*Asks:* 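The structure is given below, and queries will be raised subsequently.
Note that this is a predicted model, so its numbers are computed, not measured.
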Amino acid sequence: MAFRKLSVTALGTLIGGGFATYALRQNDDMVARVQLEEKVIKRARKLPPRSEQITSLQSGEEYDVLIIGGGATGAGCALDACTRGLKTALVEANDFASGTSSRSTKLIHGGVRYLQKAILGLDIEQYNMVKEALRERASMLQSAPHLTHPLPIMLPVYTWWQVPYFWVGIKAYDFVAGDRNVKSSYYLSKEDALEKFPMLKSDKLCGAIVYYDGQQDDARMCISVALTAARYGATVANHVEVKELLKKKDESGKEVLCGARVVDNLTKKEWTIKAKCVINAAGPFTDSIRKMDDAKVKTICCPSSGVHIVLPGYYSPQGLGLLDPATSDGRVIFFLPWLRGTIAGTTDSPCEVTRKPAPTEDDIQFILSEIKNYLNKDVDVRRGDVLSAWCGIRPLVSDPNKDDTQSLARNHIVHVSDSKLVTIAGGKWTTYRAMAEHTLDAAIKACDLKPQRPCITDKIQIEGSHGWTPTMYIRLVQDFGLETEVAQHLAQAYGDRAYPVAKLAALTGKRWPIIGKRIHPEFPYIDGEIRYGVREYACSAIDMVARRLRLAFLNVQAAQEALPTIVDIMAEELKWSKEEKEKQIKEATEFLNLEMGAAVNKSLKDKVPTNLAPEEVQKYKKRFEVIDKEKKGYVSINDIRRALKSFGDADISGEELHEILREIDTNMNGQVELEEYLQMMAAIKSGTVAYSRFARIAESEEAKQNELKARNKISIERSGGGT
């Protein structure tokens, strides 16, 4: 009996200890990673300014490795190289993450679709790619916990036979992840699925499968990797473009690369960087760098465009995404909450490589039409709800045996040319670290480099993660007097670097919050972030509004409204002249219009004839001028806000204001021109449009103005006139 009690006690202790060990393992792993970093290699406490980085590149010293490209792969290569003890340089023609790396679906995933293809096609290459991606997914979630988090994704099922089919497939996804799985998937009944995702279409819904992947802030993740590399000694510089690859003859008389001729796109100064090894990590521009090495080389990249749109947050529940596994043309659509908005995408179409990819109206309409298939009738999917739209170019590795880009796997290749140009092409965001490791392994072998240690990036914590905790935002509120929403945003975007960001914030002059002036009333971005963004190598208003802050991706109209404030603060930091400030606003506006979807044509002009009589045109012109009190020639959101306040609607939300503006702002430039107003009134007259809140505001404002004039009119008797 005593033996049985002892056995039960021992077994209970063993099980309890196992659970305790499992619960503490993640925290212990992070502590161990930090301790290893401190023992193996030191981090700089202060980031060197860009001017110092440029001076280092111009010094004439020879680098072990010169990396071309400042996206996820290039930044990952820089971090890998410098932590191996190699003297490392990285140059990027535009800004870090300015290309594909900031225009992703924001998912950290293995690829459910690729696993399906691997199993059905018995494709071991795709299976291994998914397995590697799932391992790297766990690594990313651990190395940058402030910028990443697990995200449950619902797969609704509308046919009974598909329930076991999808359940088995998703369980296989869990199985392949093994002990690196995020959380286990599970089945939901129809009732439970609708409770968790109320916007879902209930007709014929059989149930749903929920599985887990990761989500990230992609641009800030890429920048943080580059900053981490800089702290470990890498020389990194954005807005520095490679113009020519340089060669010399080696001991055997063979021509090999020995560096590059570059130009600083800000100052236009050119110089030479010497390097033992050159790595081509230029993403969609991979082939242009390869042709600098050999003009006759065949292309290896098959570019594919992927368009995403951002909708208001009420389109999806916060903390739960949706996957449409089979759209009308066989593609996959994700519907994901992100930074209080909802991302929908993506498309997958062959395209040409360009530095300024732009979304098309056809792509936007395709995404909207697919979304409608999964949302209930209470959710009116409107074109005017598209807050932002962008296009990213995926550098897929082409396979001559397949014709359609959907069949192209996102796995990567590492290629070494005869002149020892090391090219890394293809791949996906999730596997950036593994891609960098494979690339450096090839570079070390090809160019006979002498690293001090093997790859340790799977144990490196990314910038901001060392002192981050899930509740550190409370200290920001208590120690600095920040709004809770702002403090939470800073903690998530900067990790432990949120403290120096807060120190740069200005006093508000209010009782609460004490510091942190918002640059736009609807978003938690504050002035201190702009000053800190300059220290993170932001050199232009575009760098700031699109990648240090994510405002351009979340709401292009709000980004346009915030531009003057952003430029004013950057001008103080970078000593910009009045002319430079005007140039920055002009370039940023062009960027928002072209690349962030503001100028995508959704105009009613071709659909609605101008059927207004001359006296009607004059009447509406008068109404327009009443709202445009400053005679600017257009009506801004502030004019609408002021008009509504005069009616007693002072509590109207910013989102409602934007909705009013969007219903008439046909060219999506954040303001209403007279022509747009006249087109709307013509549409109302013809019956094409039934009602416009803006038209009602203009009419009411005119009526109030007339009433005010009548009330203040001086009678003949009071004026001293009459008999």
*Asks:* Heavy atoms, side chains only, cut-off 4.5 Å: are Y537 and I223 in contact?
*Replies:* no

*Asks:* Pair Y525, L551 - check side chain to side chain contact (heavy atoms under 4.5 Å, CB included), show working.
*Replies:* CA-CA 8 Å; Y525 301 114; L551 196 52; 4.1 Å; yes

*Asks:* Please tell me if the side chains of V635 and Y677 come closer than 4.5 Å, counting only heavy atoms from C-beta onward.
*Replies:* no

*Asks:* When you compare the side chains of H520 and N555, does any donor N or O come within less than 3.5 Å of an acceptor on the partner?
*Replies:* no

*Asks:* How about CZ on R475, more than 12 heavy atoms from neighbouring residues, nucleotides or ligands closer than 6.0 Å, or not?
*Replies:* no

*Asks:* Side chains of I697 and I660: closer than 4.5 Å at any heavy-atom pair?
*Replies:* yes

*Asks:* Is there a donor-acceptor contact under 3.5 Å from the side chain of S102 to the main chain of A97?
*Replies:* yes

*Asks:* Using the six-membered ring of Y494, assess whether NZ or CZ of R220 lies under 6.0 Å from its centre and within 45 degrees of the ring axis.
*Replies:* yes

*Asks:* Can you confirm whether F694 sits close enough to I627 that some side-chain heavy atom of one is under 4.5 Å from a side-chain heavy atom of the other?
*Replies:* yes

*Asks:* In the structure I gave you, are the side-chain heavy atoms of S139 and R433 within less than 4.5 Å of one another anywhere?
*Replies:* yes

*Asks:* Give the intermediate values and the outcome of salt bridge (Lys or Arg N to Asp or Glu O under 4.0 Å) for residues E485 and R518.
*Replies:* CA-CA 11 Å; E485 183 188 13; R518 294 194 183 214; 2.8 Å; yes

*Asks:* May I ask you to test the R547-S98 pair for a side-chain heavy-atom distance under 4.5 Å?
*Replies:* yes

*Asks:* Regarding R535 and the six-membered ring of Y532, is the cationic atom NZ or CZ under 6.0 Å from the ring centre and inside 45° of its axis?
*Replies:* no

*Asks:* Between D218 and S104, do the side chains contain a donor N or O and an acceptor N or O under 3.5 Å apart?
*Replies:* yes

*Asks:* Are side-chain N/O atoms of Q492 and H146 paired as donor and acceptor at under 3.5 Å?
*Replies:* no

*Asks:* Counting only heavy atoms not in E590 (residues, nucleotides, ligands), do more than 12 fall under 6.0 Å from its CD?
*Replies:* yes

*Asks:* Does the structure place the NZ or CZ of K106 under 6.0 Å from the centre of the six-membered ring of F553, at an angle of no more than 45° from the ring's axis?
*Replies:* yes

*Asks:* Does anything in residues 552-568 pair up under salt bridge (Lys or Arg N to Asp or Glu O under 4.0 Å), and if so which pairs, sequence neighbours excluded?
*Replies:* D568-K581

*Asks:* For E529 and H489, test the side chains for any donor-to-acceptor distance below 3.5 angstrom and give the result as yes or no.
*Replies:* yes

*Asks:* Just checking, is any N or O donor in the side chain of T430 or H109 under 3.5 Å from an acceptor N or O on the other one?
*Replies:* no

*Asks:* Who passes salt bridge (charged side-chain N to carboxylate O under 4.0 Å, His left out) against D628, sequence neighbours left out?
*Replies:* K632

*Asks:* Does the side chain of S540 pick up a donor-acceptor pair with the side chain of Q584 at under 3.5 Å?
*Replies:* no

*Asks:* Does the side chain of F480 come within less than 4.5 Å of K503's, by heavy atoms?
*Replies:* yes

*Asks:* Under a 3.5 Å threshold, yes or no: a donor from one side chain and an acceptor from the other, between Y315 and D385?
*Replies:* yes

*Asks:* For side chain to side chain donor-acceptor pair (under 3.5 Å), just list the numbers for Q461 and H466, CA-CA rounded to whole Å, side-chain angles, deciding distance to a tenth of an Å, and then say yes or no.
*Replies:* CA-CA 7 Å; Q461 290 300 117; H466 294 78; over 6 Å; no

*Asks:* Check whether any side-chain heavy atom of I364 sits under 4.5 Å from a side-chain heavy atom of L368, and report yes or no.
*Replies:* yes

